[in-house]
Visitor: 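Could you have a look at this structure, given as structure tokens, before my questions?
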Amino acid sequence: MDGMLASFAALTPAGPGAPPGPGAGVAKLLQIEAKVLLAIAGWIDEVQADVTLTPEAIAADALVVAKPGSPLVDLFSAPPPGRNPGTALLSGPGVMAAALQLDAGRLGAFMVKGMETFAGDPDLAPLLTPEIKAMYTGMDKWFGNSMAMVMRSPDGKGFSGDFAMAVSDEAAYLAMMEKGAGLMAPGGPLGEMYKSMGMPMSMSLEKSVRQHGGVPVHRYRVTFDIKGFPEAQAAQMKAMMKDNEFACVKGWMVGSQEPAALDALIDRAQGKGAGGGLPLHAARVFGEGRHHYVDVDFVGLIKVPLTAMPAGTLTEMFGALKPGEPMAFAMTLGDGRMLAQSRIP
């Protein structure tokens with residue numbers, strides 16, 4: 001796997017002595033992701049899958065059993081989920097929507113154990129700084145175990161997302177966000193990683209840039225160097241790399257890449273606004289009692305990146321398609337097992 005990805009990186013157009021281009025960066029990210037996925041696969045004891053074909057859809061259930069003693073055992077033993085109130089703050093539909101319930105203590109412990117696994121890896125070890133480890137060690141101090149999001153494409157050329165996450169300690173959450181911005185700043189471990197891959201990207205946190213309803217609004221500013229990308233792709237990435245504004249109000253972090261949408265979220269969190277409610281198709285398909293629900297409008301999702309491609313058969317084919325019933329996904333955890341379910345029209 002490493003050899004294949006290294007070969008892909010070598011095919012990028014950088015000349016001798018030139019800094020790596022975007023292709024090399026993508027290959028390096030894939031190399032890192034492959035290592036992580038292979039490690040997680042080693043923590044799985046058994047997988048049982050069942051696929052059902054009907055004229056309406058392809059339905060699949062996969063039961064994943066964690067290997068005894070592995071970090072997955074505790075993660076897959078989360079308590080039964082309750083109601084996810086974050087969906088009441090958001091509004092849909094979108095090209096993607098999700099409602100997730102995560103046990104903060106278990107997830108944080110899983111991430112820390114995973115970091116310890118890669119402590120000696122030459123690619124990952126430089127990224128696993130004490131600051132990154134501390135963010136997950138104290139995750140249960142600020143994360144309230146539930147979150148929801150909806151992603152849409154208002155102009156058909158880029159994506160914009162709205163988020164709602166339960167926060168148990170707003171001060172601790174803001175401190176974590178500030179530390180996270182430092183990791184992505186120039187000179188930070190993550191910022192330097194992207195720079196070394198030929199994909200210079202940085203983030204900065206600007207506190208209290210404005211107010212709405214008496215609530216301070218903060219901004220995560222994103223900077224991305226797109227010089228090495230083709231013109232059409234660079235324009236699309238610029239449209240997608242929008243700043244994100246967020247606010248903490250009444251036990252919630254609400255965020256959006258559109259200021260007017262964030263103002264509406266703040267109003268709903270304060271009990272003043274109307275129009276909230278994110279009806280998830282996956283919740284209707286799989287019923288109650290799942291930890292995670294995800295809807296994906298594949299046609300709507302694929303049309304956006306196609307705008308950066310030259311006209312041809314692929315763009316014409318997908319351009320003529322109309323969105324229909326979304327793909328539905330759900331996940332349930334318990335007793336060291338994970339049940340992943342999907343229904344694809």
Side-chain angles (χ1 to χ4, degrees), residues 1-14 19-47 49 62-78 98 100 102-139 176 179-180 182-185 187-203 224-225 228-229 237 292 294 329 331 333 336-338 340 342:
M1 176 67 73
D2 287 354
M4 181 181 69
L5 293 171
S7 298
F8 175 68
L11 294 176
T12 56
V26 171
K28 191 64 176 180
L29 283 176
L30 290 173
Q31 192 174 30
I32 291 173
E33 290 175 3
K35 288 183 178 183
V36 173
L37 290 175
L38 288 172
I40 293 175
W43 298 336
I44 295 174
D45 189 47
E46 181 182 355
V47 178
L63 180 65
V64 181
V65 181
K67 182 176 292 185
S70 75
L72 284 177
V73 173
D74 192 50
L75 184 67
F76 285 2
S77 299
L100 313 175
L102 304 159
D103 185 287
R106 294 173 191 271
L107 178 59
F110 172 78
M111 294 299 294
V112 170
K113 289 178 182 177
M115 292 179 195
E116 293 170 352
T117 300
F118 291 104
D121 185 274
D123 293 320
L124 286 163
L127 307 177
L128 307 180
T129 63
E131 292 83 4
I132 291 180
K133 187 174 181 179
M135 291 173 66
Y136 291 102
T137 303
M139 194 172 183
M176 183 278 302
K179 291 178 181 178
L183 297 172
M184 282 297 302
L190 298 182
E192 288 301 302
M193 178 192 76
Y194 281 104
K195 181 180 178 181
S196 69
M197 294 178 182
M199 303 163 61
M201 180 169 59
S202 64
M203 294 184 182
F224 194 84
D225 188 343
F229 290 86
M237 293 190 70
H292 310 324
V294 180
F329 303 90
M331 188 181 297
L333 308 172
R337 303 180 175 202
M338 175 190 72
S342 62

Visitor: Applying ring-ring contact (aromatic ring centres under 6.0 Å, His included), can you list everything that pairs with Phe110, at least two apart in sequence or on another chain?
Guide: Trp43
Visitor: Checking Arg106 side chain against Ser77 main chain: does a donor-acceptor pair fall under 3.5 Å?
Guide: yes
Visitor: Locate the shortest heavy-atom distance separating Val73 from Lys67; write the atom from each residue and the value.
Guide: CG2-O, 3.2 Å
Visitor: Give a yes or no answer on whether the side chain of Ser342 reaches the backbone of Phe329 with a donor-acceptor pair at less than 3.5 Å.
Guide: no
Visitor: Determine whether Leu124 and Val36 make a side-chain contact, defined as any pair of heavy atoms from C-beta on separated by less than 4.5 Å.
Guide: yes
Visitor: Measure the spacing between CD1 of Ile132 and OG1 of Thr137 and express it to the nearest 0.5 Å.
Guide: 11.5 Å
Visitor: Check the surroundings of atom OH in Tyr136: do more than 12 heavy atoms from other residues, nucleotides or ligands lie under 6.0 Å from it?
Guide: no
Visitor: Are Lys133 and Glu116 packed together at the side-chain level, in the sense that at least one heavy-atom pair is separated by less than 4.5 angstrom?
Guide: yes
Visitor: Any chance you could measure Met331, atom CE, to Leu100, atom CG, to the nearest 0.5 Å?
Guide: 9.0 Å
Visitor: Would you give the length of the straight line joining atom OG1 of Thr129 to atom CE of Met115, rounded to the nearest 0.5 angstrom?
Guide: 8.0 Å
Visitor: Which pair of heavy atoms, one from Ala125 and one from Ala119, lies closest together, and at what distance?
Guide: CB-O, 3.3 Å
Visitor: Side chains of Ile40 and Leu72: does their closest heavy-atom pair fall under 4.5 Å?
Guide: yes
Visitor: Rounded at 0.5 Å granularity, tell me how far NZ in Lys113 sits from CG in Leu75.
Guide: 10.0 Å
Visitor: Could you measure the distance from the CG atom of Leu128 to the CG atom of Asp121? Nearest 0.5 Å is fine.
Guide: 8.5 Å
